[in-house]
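One structure below.
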Amino acid sequence: MLAHDIVLAEDDDELRPLVASSLRRRGFTVCCVDDGESLVAHVRRRAERGEAPDLIVTDVNMPGIDGIEAVGILRDWLPHLPVVVVTAYGDAAIRRRVNALDHAHILDKPFHMRHLHEKVDALLPRMGLALAT
């Protein structure tokens with residue numbers, strides 16, 4: 001079976017490859033972008049080709065539009081696309097914004113990769129993949 005396809009939006013040049021590598025080791029295909037505008041453009045192009053990703057993992061605070069705003073824009077094309085929103089600033093206002101998005105989960109930084117894996121596993125069916133921890 002084909003691996004689930006994840007788009008990772010993270011502006012931290014050290015964290016982005018760590019998260020991507022961790023997800024790839026678990027059998028996922030991961031495409032990385034480093035800001036909200038790139039996230040919207042990338043996913044929009046793919047959706048127009050009928051190749052929407054299975055999941056978005058996005059940071060909140062990034063240059064330009066933030067991750068939550070980017071996901072809000074993408075909801076016009078992909079209203080049910082699951083999202084994991086990662087933030088170091090998980091205050092009440094951020095939590096309200098994430099909770100207003102359907103099919104979205106929040107993960108506070110710093111996080112253990114196991115917690116990200118649990119969120120991803122909760123949002124994506126296994127598809128017969130033998131995922132390592």
Side-chain angles (χ1 to χ4, degrees):
M1 291 195 138
L2 296 175
H4 278 297
D5 187 23
I6 297 173
V7 175
L8 170 63
E10 172 60 65
D11 64 326
D12 183 318
D13 291 335
E14 293 178 11
L15 182 58
R16 186 175 53 252
L18 291 174
V19 172
S21 176
S22 177
L23 292 169
R24 287 180 182 126
R25 281 193 307 272
R26 300 190 80 235
F28 297 105
T29 300
V30 181
C31 178
C32 298
V33 297
D34 60 5
D35 60 49
E37 287 92 355
S38 297
L39 174 61
V40 171
H42 177 81
V43 174
R44 182 184 296 178
R45 278 191 308 273
R46 291 182 56 178
E48 289 171 350
R49 293 190 314 249
E51 301 171 357
D54 298 305
L55 176 78
I56 292 173
V57 176
T58 183
D59 188 16
V60 172
N61 291 321
M62 294 185 289
I65 62 173
D66 71 30
I68 299 171
E69 186 178 352
V71 170
I73 293 167
L74 291 169
R75 287 293 189 230
D76 290 339
W77 294 277
L78 303 164
H80 304 293
L81 180 65
V83 178
V84 176
V85 177
V86 181
T87 182
Y89 308 99
D91 62 15
I94 295 286
R95 291 185 185 289
R96 280 192 300 276
R97 289 178 65 202
V98 172
N99 288 335
L101 299 170
D102 292 331
H103 312 287
H105 293 240
I106 194 165
L107 182 62
D108 292 308
K109 289 180 182 178
F111 60 88
H112 190 285
M113 286 299 174
R114 176 177 44 96
H115 295 133
L116 174 62
H117 297 166
E118 290 168 357
K119 297 276 187 192
V120 170
D121 289 349
L123 291 166
L124 295 175
R126 294 282 182 145
M127 293 177 59
L129 295 175
L131 300 178
T133 53

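Within the 4.5 Å cutoff, the side chain of L74 has heavy atoms near those of the L39 side chain. Counting heavy atoms from C-beta on, the side chains of V98 and H105 never come closer than 4.5 Å. Looking at P79 and H103, their side chains never come closer than 4.5 Å, going by heavy atoms from C-beta outward. V84 is listed as a side-chain neighbour of V86, based on a closest heavy-atom distance under 4.5 Å. For the pair L81/V71, no side-chain contact is recorded, criterion being any heavy-atom separation below 4.5 Å from C-beta on. The side-chain heavy atoms of P63 and D11, taken from C-beta on, include a pair separated by under 4.5 Å. Side-chain contact between I56 and V43 is present, with heavy atoms from C-beta onward closer than 4.5 Å. Residues S21 and R24 have side chains not in contact (no heavy-atom distance under 4.5 Å, counting atoms from C-beta outward).
Closest non-hydrogen pair, L8 versus A20, comes out as CD2-N, 3.7 Å. Heavy-atom minimum distance, I94 versus D91: N-OD1, 2.9 Å. Counting all heavy atoms, side chain and backbone alike, G64 lies closest to E37 at CA-OE2, 3.2 Å. Contact record, G36 with A70: O-CB, 3.8 Å, taken as the closest heavy-atom pair.
Judged by distance alone, the side chain of E10 and the main-chain N or O of V33 form no donor-acceptor pair under 3.5 Å. No donor-acceptor distance shorter than 3.5 angstrom exists from the side chain of D66 to the backbone of M62, with no hydrogens or angles considered. Side-chain N or O atoms of R75 include one that pairs as donor or acceptor with a backbone N or O of D102 at under 3.5 Å.
A salt bridge between D121 and R114 is absent, with no side-chain N of the basic residue lying under 4.0 Å from a carboxylate O of the acidic one. Electrostatic pairing of D59 and K109 counts as a salt bridge here, judged by a charged N lying under 4.0 Å from a carboxylate O.
A single hydrophobic cluster is not seen to contain both V7 and L116; linkage of ILVMFWY side chains at heavy-atom distances under 4.5 Å, directly or through other members, places them apart. Transitive grouping of hydrophobic side chains (ILVMFWY, heavy atoms separated by less than 4.5 Å) brings F111 and V30 into a common cluster. Note on V60: it does not cluster hydrophobically with L18, by side-chain heavy-atom contacts below 4.5 Å among ILVMFWY residues. Using a 4.5 Å cut-off between side-chain heavy atoms of Ile, Leu, Val, Met, Phe, Trp and Tyr, with links allowed through other members, V85 and L124 fall into different hydrophobic clusters. With hydrophobic clusters built from ILVMFWY side chains whose heavy atoms lie under 4.5 angstrom apart, L101 does not share a cluster with L107.
Note that the CD atom of E118 and the CE atom of M113 stand 13.0 Å from one another [nearest 0.5 Å]. How far CD1 of I106 is from CG of N99: 7.5 Å, rounded to the nearest 0.5 Å.
Sparse packing is recorded around CD of E14, with 12 or fewer heavy atoms of other residues, nucleotides or ligands lying under 6.0 Å away.
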- Item | Step-by-step side chain to side chain contact (heavy atoms under 4.5 Å, CB included) determination, R95 to T87 | CA-CA 10 Å; R95 291 185 185 289; T87 182; 5.9 Å; no
- Worked verdict on L55 versus V57 for side chain to side chain contact (heavy atoms under 4.5 Å, CB included): CA-CA 7 Å; L55 176 78; V57 176; 4.0 Å; yes
- Under the side chain to side chain contact (heavy atoms under 4.5 Å, CB included) rule, what do Y89 and D108 come out as? Steps first, then yes or no, please. CA-CA 8 Å; Y89 308 99; D108 292 308; over 6 Å; no
- Show the numbers, then the answer: is there a side chain to side chain contact (heavy atoms under 4.5 Å, CB included) between D54 and I6? CA-CA 6 Å; D54 298 305; I6 297 173; 5.8 Å; no
